[in-house]
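Keep in mind that this is a model prediction, so the values were computed, not measured.
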Amino acid sequence: MKISNLFSIENKIAVVTGGSRGIGEMITAGFLANGVKVYISARKAPALIEKAKELSDKYQQECIPIPCDLSTMEGIEEFSKTIEDNEDGIDFLINNAGAAWGEPLESFSEKGWDKVMDLNVKSIFFLTQKFKNLLSNNASEDDPSRVINIGSIDGLNVPAMETYPYGASKAAVHHLTRVLAAKLVKENILVNAIAPGPYPSAMLGSAVNHDYSEIAKRNPRNRVGTPEDMAGLAIFLCSRAGAYTVGETITSDGGIVKTSTHNLS
Ligand SMILES: NC(=O)c1ccc[n+]([C@@H]2O[C@H](COP(=O)([O-])OP(=O)(O)OC[C@H]3O[C@@H](n4cnc5c(N)ncnc54)[C@H](OP(=O)(O)O)[C@@H]3O)[C@@H](O)[C@H]2O)c1
């Protein structure tokens, strides 16, 4: 019952997509600080390689960058193949890379729709498919492997902005999480989702000119999310403490979804 047993993730191997910044970096930092070897991916190679070096140095733990575009099947196959060439098994797959796109309904482009759906939904399915053998190799009934899909509160609430496929893609992520959880729990791979609220990142920042004060004021907790909030939840889901939690979508949003009074009279 010691914290060191309940929450230890030491000596595990993780793959974090979109680990070069934002929420992916927060989870990667939490893993590295607690003894996990982490593979991170993103498209922009220089930023990814620099981030991996920065985090490896900071936490004195191996962080390995693999540049790739996960919105294409070629990118997904190349990524999983590279890790297969280096590891016999992995413990955690964090499907975090995602994109948003906003346009008025009347002129919303097919390009924007496909970009969001390909990365946010299709890539999560095929990454899980391609990494299934590696996850299985490290999975046991006592110590299951884990998949965490990063959804969004926009997949639970109706978003205020005109980001039509984004909310739909995240609702799909939450449901795909349940569908994959039902299949993979039989193979000792536990699939869950995290639905973040506002966390400082390139994605959210560009929507609010990197001024989070208004968003913070509107949040029930009077702030935006921090790396500790995100890393702590991911560590819980990957640890012994989270080994009976399956198919869940857990919000990390300061209470936006669960304390909304919009529907109350
Ligand atoms: N921040 C929030 O408030 C918030 C709220 C709810 C949900 N989320 C979700 O959290 C996840 C992370 O978002 P974030 O806010 O941290 O965004 P971010 O700062 O824009 O980071 C996105 C990451 O994904 C990578 N990426 C983007 N397109 C990719 C592609 N085609 N192939 C491979 N990697 C790709 C990016 O690197 P490159 O650009 O170099 O590829 C980057 O590392 C997303 O799924 C997002 O929907 C975020």
Side-chain angles (χ1 to χ4, degrees), residues 3 6-9 12 14-19 22-31 33-34 36 38 91-98 100 120-121 123-125 127-128 135 139 143-159 166-185 188-201 203-204 215 219-260:
I3 294 283
L6 291 175
F7 294 100
S8 174
I9 49 170
K12 300 291 191 185
V15 172
V16 180
T17 69
I23 286 176
E25 179 185 347
M26 297 175 198
I27 295 172
T28 300
F31 283 173
N34 290 285
V36 178
V38 188
D91 301 283
F92 316 139
L93 169 63
I94 314 300
N95 287 315
N96 162 75
N120 294 10
V121 186
S123 88
I124 287 190
F125 178 75
L127 280 162
T128 308
L135 287 161
D143 191 9
S145 292
R146 318 293 163 94
V147 176
I148 302 177
N149 298 324
I150 304 300
S152 170
I153 61 166
D154 283 3
L156 298 167
N157 284 352
V158 176
Y166 185 75
S169 77
K170 294 301 185 177
V173 169
H174 303 160
H175 195 60
L176 185 59
T177 297
R178 289 192 286 272
V179 173
L180 289 173
K183 167 78 179 163
L184 294 176
V185 69
N188 297 317
I189 300 170
L190 311 186
V191 186
N192 288 287
I194 294 174
Y199 273 81
S201 75
M203 185 188 287
L204 180 64
I215 291 185
N219 190 280
R221 290 275 291 126
N222 291 313
R223 65 170 177 84
V224 293
T226 67
E228 289 80 2
D229 296 319
M230 185 48 63
L233 183 50
I235 289 169
F236 159 71
L237 285 173
C238 289
S239 67
R240 174 64 190 85
Y244 205 51
T245 298
V246 180
E248 282 291 348
T249 293
I250 303 179
T251 55
S252 177
D253 67 349
I256 293 175
V257 170
K258 290 295 162 74
T259 68
S260 165

Taking the side chain as every heavy atom from C-beta outward, state whether T259 and R221 have any pair of such atoms under 4.5 Å apart. no
(request) Report yes if some heavy atom in the side chain of D91 is under 4.5 Å from a heavy atom in the side chain of C238; otherwise report no. (result) no
So CZ of F236 and CG of L6: to nearest 0.5 Å the spacing works out to 10.5 Å
All heavy atoms of A231 vs all of G30, minimum pair found to be CB-CA, 3.8 Å
Paired with N149, the side chain to side chain donor-acceptor pair (under 3.5 Å) test is passed by just one of N192, T177, N120, namely T177
Exactly one candidate in D229, V224, D253 meets side-chain contact (heavy atoms from CB on, under 4.5 Å) with Y199; the answer is D229
| message | Quick one, L190 with L184, criterion side chain to side chain contact (heavy atoms under 4.5 Å, CB included). Give me CA distance, side-chain angles, the key distance, then yes/no. | response | CA-CA 7 Å; L190 311 186; L184 294 176; over 6 Å; no
Smallest heavy-atom separation, G197 atom then I153 atom, equals CA-CD1, 3.8 Å
- Item | Test side chain to side chain contact (heavy atoms under 4.5 Å, CB included) applied to I215 and L204, step by step | CA-CA 10 Å; I215 291 185; L204 180 64; 3.9 Å; yes
**Study point:** Heavy-atom check, side chain of F31 versus side chain of I235, under 4.5 Å
**Key:** yes
Nearest heavy-atom approach of G18 to A97 is N-CB, 3.8 Å
Between V16 and G24 the two heavy atoms that sit nearest each other are CG1-O, 3.7 Å
Between I194 and the options T249, V173, N96, I148, the side-chain contact (heavy atoms from CB on, under 4.5 Å) test singles out I148
Query raised in the report: Does atom NE2 of H175 have more than 12 heavy-atom neighbours from other groups under 6.0 Å away?
Result: no
Do S8 and N34 make a side-chain contact, defined as non-hydrogen atoms from C-beta onward lying under 4.5 Å apart? no
ask   = Side chain of S201, backbone of G22: donor and acceptor closer than 3.5 Å?
value = no
### Task
For residues Y166 and P159, determine if any side-chain heavy atom of one lies less than 4.5 Å from a side-chain heavy atom of the other.
no
- Given side chains that start at C-beta, do those of T128 and L93 come closer than 4.5 Å, heavy atoms only? yes
In terms of heavy-atom contacts, L135 and S145 come closest through O-OG, 2.8 Å
Closest non-hydrogen contact found for A181 with G247 is CB-CA, 3.6 Å
Do V38 and F92 have side chains that get closer than 4.5 Å, going by heavy atoms? no
d(M26 CE, T226 OG1) to nearest 0.5 Å is 7.5 Å
The reported gap from CG in L127 to CG in N95 (rounded to nearest 0.5 angstrom) is 5.5 Å
**Request:** Answer yes or no: is there a side-chain heavy-atom contact under 4.5 Å between R146 and L237?
**Result:** no
Notebook entry, point to check: For M230, does its backbone N or O pair with a side-chain atom of S252 as donor and acceptor, under 3.5 Å?
Noted result: no
Here the gap from L156 atom CG to S260 atom OG, rounded to the nearest 0.5 Å, amounts to 11.5 Å
